[in-house]
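For reference, the structure discussed in these notes is given below.
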Amino acid sequence: MPEQRIFNFSAGPAVLPEEVLREAQQALWNLDGTGIGVLEHSHRGGAFERVVEETEAACRRLASIPDDYAVLFLSGGASTQFFTLPANLLPDGATADYVVTGTWSEKAVAEAKRYGRVHEAASTAATNHDRIPRPAEIRWSERPVYAHFTSNNTIFGTQWTTEPTPPAGVWLACDASSDVFSRPLDVTRYGVLYAGAQKNIGPAGVTLVVIRRDLAERAVRDLPTMLRYATHLKEGSLYNTPPSFGIFVMGRVFAWIERLGGLAAMERRNREKAGVLYDALAELGFYCPHAGEGSRSLMNVTFTTPSPELDARFVKEAEAAGFSGLKGHRSVGGVRASIYNAFPKAGCEALASFMRDFAAKHG
Ligand code: PMP
């Protein structure tokens, strides 16, 4: 078995901090000296209750989440939130506004249409989602219940620099799956923010939902118990057996972010890392970035080489050089380097150097 770990550019599940993996190894065997591993603890016992409390407390500290917001640890991924959100909060016949900036926004729209009306306030589909719409392009409807956006578009490699501004009194709903806690966040602008953990904050299987308490209590229709935000709010995410290992690891990732200096420090690191790759793209001219200037993601760097053949060759040679997970999604092609919170800067530097060599060889 190779002891050596390689640079993993996977779009998710993705690389986790090495310190956290070591802590998880230890906790698998024996959680906090209880003589029982984290996978084996009852979710009703004190040891696991402490895990949930600590994870929630660290989450609240990191993003200064006020008391009138609930922090929920759910399952089903962000895809389950695509329908849970409108099922709970979009009344029949009412309208929600969605800004469509990629495949995941499109999926969110399709699910919301099952429950109410959807107004597409803007869409970047015409240019294969290569940018974030300018404020002037966004046409909100008269009185939407909420305004939904995808803060980072994993497939296309675009990211909002700041939240869109919805009409007065309208709360934001956000799928933050691929950039959650990669930078500071003003939760009070949001009604609901959700994210699968498996890119920036933990393993697959747990979904973070930050929701204003009054909204969580509101359910606009009769829903199965498990689908109601109110159920999970009332039971502190312990109505049924939660994704306990995921919650544990998420808590350790939050603690790791705190040790590094919190979300502002995370943003600085992420800017530096992405800068290494975008600088190489700009300097070399050989590659073509998919995302337009001003819309470029700090999390997923997407680009093509001069031909599909060279794209395939790039990915293959990169793989042989010890870089995993670089193949672009089929809707963009080319290369995608996913460099979430835990991805090390050394990996970006190594890839930039590989890019230089590849361009020199094939340019
Ligand atoms: N939204 C975004 C922005 C994503 O990147 C993904 C997964 N790649 C999803 C939603 C779907 O998440 P899940 O697999 O957790 O349902």
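All values below come from the heavy atoms of this structure, side chains included, with hydrogens, waters and symmetry mates left out.
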Keeping the roles fixed (side chain from [X], backbone from [Y]), state whether a donor-acceptor pair exists under 3.5 Å.
X    : Y    : result
E272 : K345 : no
R336 : G333 : no
N30  : G37  : no
S353 : E349 : no
S295 : A291 : no
K273 : Y340 : yes
N8   : S10  : yes
R139 : A122 : no
R183 : L263 : no
R218 : R213 : no

Handout entry: Intermediate values then yes/no, side-chain contact (heavy atoms from CB on, under 4.5 Å), R228 and T84
Key = CA-CA 8 Å; R228 301 169 78 89; T84 306; over 6 Å; no
Heavy atoms from other residues, nucleotides or ligands near [atom1] of [X] exceed 12 (cutoff 6.0 Å):
X    : atom1 : answer
R330 : CZ    : no
E142 : CD    : no
R356 : CZ    : yes

Handout entry: Selection residues 249-287 - residue pairs positive for ring-ring contact (aromatic ring centres under 6.0 Å, His included), sequence neighbours left out
Key =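 Applying ring-ring contact (aromatic ring centres under 6.0 Å, His included) to every pair that reaches into residues 249-287, excluding sequence neighbours, yields F181-F254, Y287-F303, Y287-F314.
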Mind telling me whether [Y] and [X] have parallel, tilted or perpendicular rings, with 30° and 60° as the class edges?
X    : Y    : value
F358 : H362 : tilted
Y98  : Y146 : perpendicular
F9   : F343 : tilted

Exercise for the section: Compute the ring centroids of F149 and W160, then answer whether they are less than 6.0 Å apart. Expected result: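 Aromatic pair counts; centres sit under 6.0 Å.
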Practice task
Taking the six-membered ring for Trp and the full ring for Phe, Tyr or His, determine whether the centres of F48 and H43 are under 6.0 Å apart.
Solution key: no
Would you please say whether a donor-acceptor pair under 3.5 Å links the side chains of [X] and [Y]?
X    : Y    : answer
E163 : Y190 : yes
S182 : N270 : no
T34  : H41  : yes
S141 : D97  : yes

Exercise for the section: Flag the pair L74 / T80 as yes when at least one side-chain heavy-atom distance between them is below 4.5 Å, and no otherwise. Expected result: no
Practice task
Answer yes or no: is there a side-chain heavy-atom contact under 4.5 Å between S338 and K199?
Solution key: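 In short, these two side chains do not touch, never coming nearer than 4.5 Å.
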Handout entry: Heavy-atom pair of closest approach, residues T207 and G196
Key = CG2-N, 4.0 Å
Nearest-0.5 Å distance, [atom1] of residue [X] to [atom2] of residue [Y]:
X    : Y    : atom1 : atom2 : result
C348 : I339 : SG    : CD1   : 4.0 Å
S331 : H129 : OG    : NE2   : 8.5 Å
M299 : S178 : CE    : OG    : 8.5 Å

Please determine whether residues [X] and [Y] belong to a single hydrophobic cluster, defined as Ile, Leu, Val, Met, Phe, Trp and Tyr linked transitively by side-chain heavy-atom distances below 4.5 Å.
X    : Y    : answer
V249 : V71  : yes
L72  : L62  : no
F7   : V335 : yes
Y194 : I155 : yes
F73  : V187 : yes

Cationic N near anionic O, under 4.0 Å, [X] to [Y]:
X    : Y    : result
E217 : R212 : no
K316 : E319 : no
R259 : E19  : yes
R117 : D92  : no
R22  : E18  : no

Problem - N300: which of N152, D179, T158, T154 passes side-chain hydrogen bond (donor to acceptor under 3.5 Å, both in side chains) - result: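 That would be N152.
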Exercise for the section: Could you check T305 against D311 for side chain to side chain donor-acceptor pair (under 3.5 Å), going step by step and ending with a plain yes or no? Expected result: CA-CA 5 Å; T305 69; D311 288 344; 2.6 Å; yes
Exercise for the section: Please report the C-alpha distance between T165 and L172 in whole Å, then the side-chain angles of each, then the deciding distance to 0.1 Å, and finally whether the side-chain contact (heavy atoms from CB on, under 4.5 Å) criterion is met. Expected result: CA-CA 8 Å; T165 306; L172 287 171; over 6 Å; no
Exercise for the section: Check step by step if side-chain contact (heavy atoms from CB on, under 4.5 Å) holds for E111 and V109. Expected result: CA-CA 5 Å; E111 298 302 320; V109 165; over 6 Å; no
Exercise for the section: List the steps and the verdict of salt bridge (Lys or Arg N to Asp or Glu O under 4.0 Å) for R131 and E137. Expected result: CA-CA 12 Å; R131 63 196 182 85; E137 288 175 83; 2.8 Å; yes
Practice task
Evaluate the criterion side-chain contact (heavy atoms from CB on, under 4.5 Å) for residue pair V209 and L193; output intermediate values, then yes/no.
Solution key: CA-CA 6 Å; V209 177; L193 179 135; over 6 Å; no
